[in-house]
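The figures that follow rest on heavy atoms only: side chains count, while hydrogens, waters and symmetry mates do not. When a ligand or atom number is given, it counts from 1 through the structure's own listing order.
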Amino acid sequence: ASSQPAPPTSPNTVAGLPNAAADGPRMNATFVTLARNSDIWEIARSIRQVEDRFNHRYNYDWVFLNDMPFDDTFINITTSLVSGKTKYGEIEKEHWSFPDFIDQDKAKKVREDMAARKIIYGDSVSYRHMCRFESGFFFRQPLMNEYEWYWRVEPSIELFCDVHYDPFKYMADHKKKYSFVLSLYEYAETVPTLWDSVKKFMKTHPEHIAQDNSLAFLSDDGGDSYNHCHFWSNFEIGNLNWLRSPAYLDFFESLDRDGGFFYERWGDAPVHSIAAGLLLQKEEIHFFNDIAYYHVPFTHCPTGEQTRLDLKCHCNPKDNFDWKGYSCTSRWFDINGLKKPDGYEAEMD
Ligand code: GDP
Ligand code: MN
């Protein structure tokens with residue numbers, strides 16, 4: 001090679017190689033992960049993939065949240081893997097416990113009954129605290145308050161393709177507030193009265209319902225009943241100011257009071273999805289075809305061979321869940337009048 005001036009060194013320069021940081025502005029954004037200390041090796045894998053596929057060029061911060069103090073191993077490993085700043089927050093008791101209006105005996109009977117019926121996580125108290133926290137509190141933790149955008153990352157996920165533009169900037173430039181890569185039907189047994197609660201909210205807070213909403217994604221009968229479609233919230237890129245808005249907070253408060261996080265097993269996925277579907281305009285929700293993702297047991301592998309080659313994807317297109325019968329993504333395209341990517345028919349079964 002001909003001699004060239006050495007690249008400027010920076011903290012991110014490894015062994016004299018330039019970090020190839022992307023040009024351009026940075027958004028006021030962070031990754032966010034809720035995790036236990038015992039999740040360290042699973043979250044380490046996720047971070048490594050997010051860094052390799054995207055963040056080593058953008059160096060966004062990463063906020064870690066836990067209902068217990070993080071231990072040194074967790075902090076040391078994650079700090080070494082993340083190219084941006086890492087921050088560690090312990091969740092206050094009030095955001096991870098039974099509110100005083102919950103009848104704990106009633107909640108316990110529900111868990112016993114759900115355990116007997118073998119409903120996934122039906123017997124778990126901590127899973128319910130987790131779902132309520134992700135539904136109502138993660139976005140207003142002190143460490144999160146300084147950011148406008150978040151990207152949620154869970155342990156043991158995979159990113160199969162390069163992300164070579166900034167999804168936060170894409171969201172801002174296109175006036176998006178919420179996004180997804182996978183959608184599916186919720187287990188009906190975990191949310192039997194969720195839609196009743198939602199209907200009550202729609203009656204008491206008509207001012208919060210968006211004109212051009214996505215009710216048709218959530219209901220097949222004009223809002224009478226829930227079809228159980230939801231965006232899978234273990235992946236989310238979204239706007240924190242929306243979650244902190246009176247509309248979303250009134251929605252969460254209203255659902256929380258009805259008790260279904262404890263008397264049933266409402267997940268944060270249907271809660272976020274119904275909120276996005278009713279409080280946002282259709283155009284404010286984005287489907288990221290080009291962010292290839294896995295969380296057990298589902299894969300989103302981009303439809304379209306050229307996209308997969310351009311982005312150096314390593315997912316098997318046969319694993320793509322989007323156009324299968326149990327996915328709601330086809331419905332999302334239909335209610336928005338969007339054209340499905342070329343080649344989708346071949347992936348339907
Ligand atoms: P699943 O994806 O629905 O099977 O649930 P996960 O077990 O992946 O939990 C969802 C997220 O919450 C993950 O990021 C977990 O690390 C986190 N999580 C679950 N339970 C707890 C808990 O009791 N404490 C903490 N700190 N994090 C939890
Ligand atoms: Mn998970």
Side-chain angles (χ1 to χ4, degrees), residues 30-50 62-75 77-78 81-82 86-98 107 111 114-115 118-139 141-144 150-159 180-191 194 228 230-238 243 260-262 264-273 291 293-300 321 326:
T30 185
F31 288 93
V32 60
T33 293
L34 173 71
R36 295 156 287 219
N37 286 310
S38 59
D39 293 320
I40 180 58
W41 299 111
E42 286 72 33
I43 195 61
R45 285 174 42 202
S46 300
I47 295 170
R48 185 71 222 191
Q49 298 219 14
V50 171
W62 206 306
V63 171
F64 295 92
L65 300 170
N66 190 351
D67 57 308
M68 311 267 273
F70 280 113
D71 62 27
D72 289 347
T73 304
F74 191 99
I75 291 172
I77 304 284
T78 52
L81 289 170
V82 174
T86 50
K87 302 179 186 182
Y88 302 87
E90 188 177 340
I91 298 159
E92 63 174 276
K93 263 276 138 346
E94 207 191 315
H95 295 169
W96 196 282
S97 52
F98 292 94
R111 294 196 300 276
M114 284 196 172
K118 303 240 178 334
I119 293 171
I120 184 168
Y121 297 119
D123 61 343
S124 174
V125 176
S126 67
Y127 194 83
R128 285 180 172 80
H129 289 319
M130 182 277 285
C131 290
R132 180 169 177 262
F133 175 80
E134 293 286 17
S135 298
F137 301 104
F138 86 89
F139 49 84
Q141 297 302 294
L143 290 175
M144 296 301 287
Y150 73 101
W151 180 336
R152 173 169 166 181
V153 176
E154 283 207 359
S156 297
I157 60 110
E158 296 196 58
L159 284 192
F180 70 101
V181 290
L182 283 159
S183 72
L184 69 160
Y185 294 94
E186 179 61 296
Y187 297 108
E189 304 84 0
T190 66
V191 290
L194 174 58
H228 300 106
H230 64 289
F231 309 123
W232 222 21
S233 63
N234 47 66
F235 169 98
E236 284 179 331
I237 299 176
L243 293 173
F261 290 107
F262 298 102
E264 296 179 359
R265 209 227 62 200
W266 295 353
D268 53 280
V271 171
H272 286 185
S273 303
I291 300 186
Y293 179 80
Y294 170 80
H295 175 297
V296 64
F298 298 117
T299 296
H300 164 68
F321 183 64
Y326 209 65

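Contacts with ligand 1 closer than 4.0 Å are made by heavy atoms of both the backbone and the side chain of Arg36.
Counting atoms of ligand 1 from 1 in the listed order, those under 4.0 Å from a heavy atom of Tyr121 are 1 (P), 3 (O), 4 (O), 5 (O), 7 (O). For ligand 1, the atoms closer than 4.0 angstrom to any heavy atom of Pro155 are 13 (C), 14 (O), 16 (O). Those atoms of ligand 1 that come under 4.0 Å of a heavy atom in Met130, given as number and element, are 9 (O), 10 (C), 12 (O), 18 (N), 19 (C). Each of the atoms 2 (O) of ligand 1 lies under 4.0 Å from some heavy atom of His295. Using a 4.0 Å cut-off to heavy atoms of Glu154, the atoms of ligand 1 that qualify are 2 (O), 8 (O), 10 (C), 11 (C), 13 (C), 14 (O).
Between Phe64 and Phe70, the angle of the ring planes goes over 60°, which puts this pair in the perpendicular group of the 30/60° scheme. Aromatic ring pairs are classed by plane angle as parallel below 30°, tilted from 30° to 60° and perpendicular above 60°; the pair Phe98 and His129 is perpendicular. Note on ring orientation: taking the six-membered ring where Trp is involved, the planes of Phe235 and Tyr293 are perpendicular (angle over 60°, cut-offs 30° and 60°).
Contact between Asn66 and ligand 1 is present, with at least one heavy atom of the residue lying under 4.0 Å from the ligand.
Here the protein heavy atom with the shortest distance to atom 24 (N) of ligand 1 is Asp67 OD1, 2.8 Å. With hydrogens left out, the protein atom closest to atom 14 (O) of ligand 1 is Leu34 O, 2.6 Å, a heavy atom.
Taking only nitrogen or oxygen atoms, main chain and side chain alike, Ala35 reaches within less than 3.5 Å of ligand 1. Here's the thing with Glu134: none of its N/O atoms is less than 3.5 angstrom from an N/O atom of ligand 1. For ligand 1, one of its N or O atoms has an N or O atom of Asp39 under 3.5 Å away.
When distances from the Mn ion (ligand 2) to the N, O or S atoms of Glu154 are compared, OE1 comes out shortest.
Around atom 5 (O) of ligand 1, the closest heavy atom drawn from Trp96, Tyr127, Phe70 belongs to Tyr127.
In this structure, Tyr150 has its ring center under 6.0 Å from that of Phe138.
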